[in-house]
Amino acid sequence: MGIKVLIVGGVAGGASAAARLRRLNEDAEIIIFERSSHISYANCGLPYYVGGVIENEDDLTLATPGSFNSRFNITARVRQEVIAIDPEAKKVSVKKLDDGSVYEESYDKLILSPGAVPAIPKLPGADLPELFTLRTVEDTLRMREYCVSNKPKTATVVGGGYIGIEIAENLRHLGVEVTIIQRPLQLLRTLDTDMAELIHSEMRKNGVNLMLGSSVSGFEKTENGIKTLIKDNEPVLSDMVILAIGVVPDTKLAKDAGLALGAKDSILVNEYMETSKPDIYAVGDAVTVTHFVAKAPVLIALAGPANKQGRIAADNICGIKSTYKGTQGTSIIKVFSLTCATTGLCCAGAERAELDFEYVLLTPNSHAGYYPGAKSMTMKVIFEKNTGRLLGAAIIGKEGVDKRIDVLATAIRAGLSGADLAELELAYAPPFSSAKDPVNMAGFIIENVLSGIVSQFDTETLEALPRDGSVFLLDVRTDCEYEQGHVDGFVNLPVDNLRERISEIPKDKPVYVMCHSGIRSYIACRILTANGVEAYNYAGGWGYYSRIRGKINPLSQRITCAAEKGLSIS
């Protein structure tokens with residue numbers, strides 16, 4: 001089948017579509033148009049080149065026009081921009097950026113993979129040369145060259161999403177003092193506020209100044225640097241400014257061609273990646289997708305989904321009926337010594353989707369506690385109350401985060417319930433996991449919540465609990481742990497002494513229980529319930545609470561107390 005396929009844009013979606021097309025059809029004429037100088041590059045690796053973690057510029061390039069042609073017999077035309085589409089005549093107009101000349105190219109099938117572009121605020125001074133964005137290899141080279149030549153001492157990052165955090169970390173690696181200015185009151189909007197606090201703590205610990213809840217009103221160039229103007233606050237002076245407030249779909253070409261648009265002016269496609277115009281497909285960061293969990297149209301810019309969509313578009317062009325079943329937003333980011341990963345919905349997302357949900361929060365170890373080097377992680381797993389259907393998860397820790405989020409993402413895609421997690425048979429050896437893997441533990445807790453074996457309370461409830469004697473607040477950690485830090489109003493009674501001192505617990509009022517991680521407090525709740533007491537377990541425990549509220553280092557406290565008492569604390 002000697003069809004002619006034009007692809008607008010390379011990188012993830014376009015390059016993936018081109019390679020799949022060739023594997024399915026040796027006779028097709030395939031041409032990719034890319035307005036930058038690079039047909040396929042490691043977009044997600046760009047911040048790490050700025051920081052010098054990736055040292056070789058060539059490592060950013062995944063494929064060149066020459067390698068694409070020699071391996072796949074695909075023509076890749078770089079520094080050529082498609083400036084117009086004529087859907088009726090099935091032609092595109094192409095501008096050669098090096099000389100400005102324009103020519104036409106016909107097609108049988110057209111795939112649009114224009115991606116997204118950095119959002120540039122319409123503010124005074126936003127076009128100053130000391131302001132940078134980070135989306136393409138050219139952006140990265142410009143920023144890296146500025147850092148090498150000018151050796152900036154200070155930088156302001158406007159925006160606290162994935163790119164903002166990654167570039168802040170890499171600038172810190174270069175010794176640059178960094179301030180992040182973020183309009184919302186938290187970084188990483190894919191997280192709930194409580195989990196985001198763990199990220200805030202890590203950023204501050206590594207010398208990043210956070211100005212949350214601050215709105216930028218403009219930029220001014222001075223003799224001493226760039227002033228970032230802040231509404232109702234003093235300006236921030238720095239040597240350079242990075243704009244990382246997000247991306248917007250690059251859809252002017254599609255809009256001018258009359259293609260139907262969806263969320264935030266992204267290109268509307270069906271499950272076959274077909275647009276509203278015959279023989280035109282669209283993939284990647286510029287298309288509207290259906291959220292796999294919420295079942296609502298969304299715009300999610302991720303490399304994995306873009307690659308899959310490119311493959312699906314190619315399949316359908318070649319007569320294979322492939323469908324895209326939605327994006328669940330699985331993502332992961334390195335934040336200095338922490339790893340933060342999410343999939344599906346957070347609690348705020350579940351609220352927006354008007355779902356009746358519950359969540360469990362646990363702080364398990366990355367592997368068996370008795371094997372050296374175990375690191376604690378914080379897991380938040382969200383599920384539907386009535387059905388137990390998994391809705392989403394977030395995990396923050398130092399080791400083992402990627403493994404667990406991938407299991408949970410797979411479970412969501414497979415339609416498993418929260419309780420099904422308890423049944424998963426996962427690989428175990430002491431250096432890698434525990435006999436009860438953290439994912440299994442999440443399933444056990446969800447089972448207990450759904451069956452009514454345990455009732456939970458959260459941080460908001462904890463901080464609102466009255467201290468007037470109408471409820472009883474119980475901390476069941478050891479005396480040593482309690483002395484080194486506790487929540488005001490909580491009475492200490494170690495769980496190992498609870499049965500013999502049960503008479504000290506009132507039966508005529510609710511009892512709210514906490515320990516270090518939620519395990520001992522769960523045991524205490526079962527003892528109390530068996531004795532006719534209405535008991536509630538604090539999800540996450542003091543270890544979690546102390547981290548999100550910036551109290552103390554709970555890990556060092558925990559180890560010290562265990563050593564002093566000769567206890568095995570779980």
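Only heavy atoms go into these numbers, but all of them, side chains included; no hydrogens, no water, no symmetry mates.
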Is a side-chain donor or acceptor of [X] paired with a backbone partner of [Y] at a separation under 3.5 angstrom?
{"X": "Asp139", "Y": "Thr136", "result": "yes"}
{"X": "Asp250", "Y": "Gly115", "result": "no"}
{"X": "Thr154", "Y": "Asp239", "result": "yes"}
{"X": "Arg135", "Y": "Ala116", "result": "yes"}

Both conditions, 6.0 Å and 45 degrees, for the charged tip of [X] above the ring of [Y]: are they met here?
{"X": "Lys109", "Y": "Tyr107", "value": "no"}
{"X": "Arg389", "Y": "Phe383", "value": "no"}
{"X": "Lys227", "Y": "Phe219", "value": "no"}

Under a 4.0 Å N-O cut-off, is there an ion pair linking [X] with [Y]?
{"X": "Asp86", "Y": "Lys90", "result": "no"}
{"X": "Arg77", "Y": "Glu105", "result": "yes"}
{"X": "Asp108", "Y": "Lys4", "result": "no"}
{"X": "Arg79", "Y": "Asp98", "result": "yes"}
{"X": "Glu169", "Y": "Lys334", "result": "yes"}

**Request:** Please check if any side-chain donor atom of Gln182 sits under 3.5 Å from a side-chain acceptor atom of Ser214, or the reverse.
**Result:**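 Side chains of Gln182 and Ser214: no pair found under 3.5 Å.
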
Can you confirm whether [X] sits close enough to [Y] that some side-chain heavy atom of one is under 4.5 Å from a side-chain heavy atom of the other?
{"X": "Tyr281", "Y": "Asn316", "value": "yes"}
{"X": "Val269", "Y": "Ser276", "value": "no"}
{"X": "Phe357", "Y": "Glu351", "value": "yes"}

**Asked** Taking all non-hydrogen atoms of both residues, which atom of Pro114 and which atom of Arg35 are closest, and how far apart?
**Response**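 Here Pro114 and Arg35 meet closest at O-NH2, 4.3 Å.
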
**Message:** Test side chain to side chain contact (heavy atoms under 4.5 Å, CB included) on Tyr272 and Ser322; report intermediate values, then the result.
**Reply:** CA-CA 6 Å; Tyr272 306 112; Ser322 296; over 6 Å; no

**Asked** How many angstroms lie between atom CZ of Phe33 and atom CD1 of Ile83, to the nearest 0.5 angstrom?
**Response**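 Between Phe33 CZ and Ile83 CD1, I get 11.5 Å after rounding to 0.5 Å.
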
**Prompt:** Roughly how far, to the nearest 0.5 Å, is the CG atom of Leu299 from the OG1 atom of Thr327?
**Reply:**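 Interatomic distance, Thr327 OG1 to Leu299 CG, rounded to 0.5 Å: 10.0 Å.
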
**Message:** So that I know where these two stand, are Tyr146 and Phe132 an aromatic pair - ring centroids less than 6.0 Å apart?
**Reply:**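 Yes, they do, as the ring centres are separated by less than 6.0 Å.
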
